Amino acid sequence: ATTAETDSDESTGEAAVPASNGPAIAATDLSHAFGDVRVLDGVSLSVAPGEIVALVGPNGSGKSTLLRFLARVRAPDEGTVAVGSESGRARVGYLPQQPGFRAGFTAADTLEFYAQFVDEDVDVAGVLERVGLADAADRRVDALSGGMTRLLGLGRALVGDPAVVVLDEPASGLDPGMVERLFGIVSALADAGVAVVLSSHNLGPVERTADRVVVLDGGRFVADGDPRAVVESVGATDLQTAFGDLV
Ligand code: ADP
Ligand code: MG
């Protein structure tokens with residue numbers, strides 16, 4: 001996790017943290033219902049450049065719905081999502097909870113395909129490198145392991161060099177080594193100034209990696225703050241009971 005550190009020591013040519021002090025993304029008063037079920041009830045969330053916010057909460061608490069609104073793949077009944085400042089990059093990268101991939105495409109093809117929808121030139125090899133898949137560029141997606149497929153999904157979210165990435169359960173179902181690898185990439189993104197919002201049941205890595213943890217329950221935020229404090233206040237055992245599959 002990173003806070004207000006200045007430069008990383010590697011000159012990778014990554015985009016610097018935008019000069020503006022405004023949030024990278026700000027959601028205000030989001031409310032949404034599916035039929036009679038109110039899934040979100042006046043939720044607001046601001047994320048700064050370089051900040052990692054982890055969203056936790058029981059199944060069905062509305063995490064994926066909120067993340068879809070942040071990614072702007074659909075709109076809430078009420079409320080607004082603002083991305084970037086006037087001068088900042090406004091792209092939001094998104095890893096859905098259940099991403100689909102085109103069988104028969106290679107890892108590189110997959111990213112090239114998404115690169116078509118981006119105005120700027122996309123350094124596909126650079127993205128593969130960033131997610132640790134440089135050696136798998138020419139492998140077909142159907143021949144990748146679950147962990148590598150997840151990394152490819154993360155890579156897809158990075159096409160176009162977004163200022164914000166939204167990752168829905170990026171660590172679910174991965175073995176502990178791959179979970180660490182994934183959170184390591186997330187940390188590196190934040191170090192490069194990207195604002196990250198992710199949902200996760202992996203409380204251990206979340207506590208180590210996130211700058212802030214938000215607990216969603218019953219459509220509202222019931223806690224929001226320092227990872228250790230939040231986990232303590234809500235009660236790690238309660239969370240474990242609620243979530244079942246914690247590290
Ligand atoms: P989480 O990601 O925390 O498990 P979701 O956002 O997926 O929660 O779901 C929140 C609630 O909204 C659940 O009750 C779910 O069944 C419902 N829901 C989610 N998407 C839809 C949809 N497209 N249509 C109807 N109900 C939905
Ligand atoms: Mg979900």
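None of these values were measured; they are calculated from a predicted model. For ligands, and for the atoms within them, numbers begin at 1 and follow the listed sequence. Nothing fancy with the numbering, it's 1 onward along the sequence.
Listed by number with element, the atoms of ligand 1 under 4.0 Å from a non-hydrogen atom of Pro58 are 3 (O). In summary, the atoms of ligand 1 found under 4.0 Å from a heavy atom of Asn59, numbered by their order in the structure, are 4 (O).
Atom-to-atom distance recorded for Leu70:CG and Thr65:OG1 is 11.0 Å, nearest 0.5 angstrom.
No side-chain N or O of Ser31 forms a donor-acceptor pair with one of Asp77 less than 3.5 Å apart. Between the side chains of Asp217 and Ser61, no donor-acceptor pair of N or O atoms lies under 3.5 Å.
The nearest heavy-atom contact from the protein to atom 27 (C) of ligand 1 is Phe34 CD1, 3.3 Å. Among protein heavy atoms, atom 6 (O) of ligand 1 sits closest to Thr65 OG1, 2.6 Å.
Not a single N, O or S atom of Ser199, from either the backbone or the side chain, sits less than 2.8 Å from the Mg ion (ligand 2). Residue contact annotation: Thr65 places no N/O/S atom under 2.8 Å from the Mg ion (ligand 2).
Ser64 contributes OG and Gln97 contributes OE1; the angle these two atoms make at the Mg ion (ligand 2) is 80°, rounded to 10°.
Taking distance alone, with nitrogen or oxygen atoms compared against 3.5 Å, Arg68 stays at or beyond that limit from ligand 1. Looking at ligand 1, you'll find an N or O of Lys63 within less than 3.5 Å of one of its N or O atoms. For Gly62, a nitrogen or oxygen atom sits less than 3.5 Å from a nitrogen or oxygen atom of ligand 1, counting backbone and side chain alike. The distance criterion of under 3.5 Å between nitrogen or oxygen atoms is met by Ser64 with respect to ligand 1.
Proximity of Val39 to ligand 1, defined as any heavy-atom pair under 4.0 Å, is confined to the side chain (atoms from C-beta onward).
A cation-pi arrangement is not found for Arg68 relative to Tyr94, the charged atom failing to lie both closer than 6.0 Å to the ring centre and inside a 45° cone about the ring normal. Judged by the 6.0 Å distance and 45° axis criteria, Arg74 is not positioned over the aromatic ring of Phe69.
By the 6.0 Å contact criterion, CD on Gln98 is open, its count of non-hydrogen atoms from other residues, nucleotides or ligands being 12 or less.
Protein heavy atoms are absent from the 4.0 Å sphere centred on atom 16 (O) of ligand 1.
The nearest non-hydrogen atom to atom 14 (O) of ligand 1, considering only Gly35, Gly57, Gly60, comes from Gly60.
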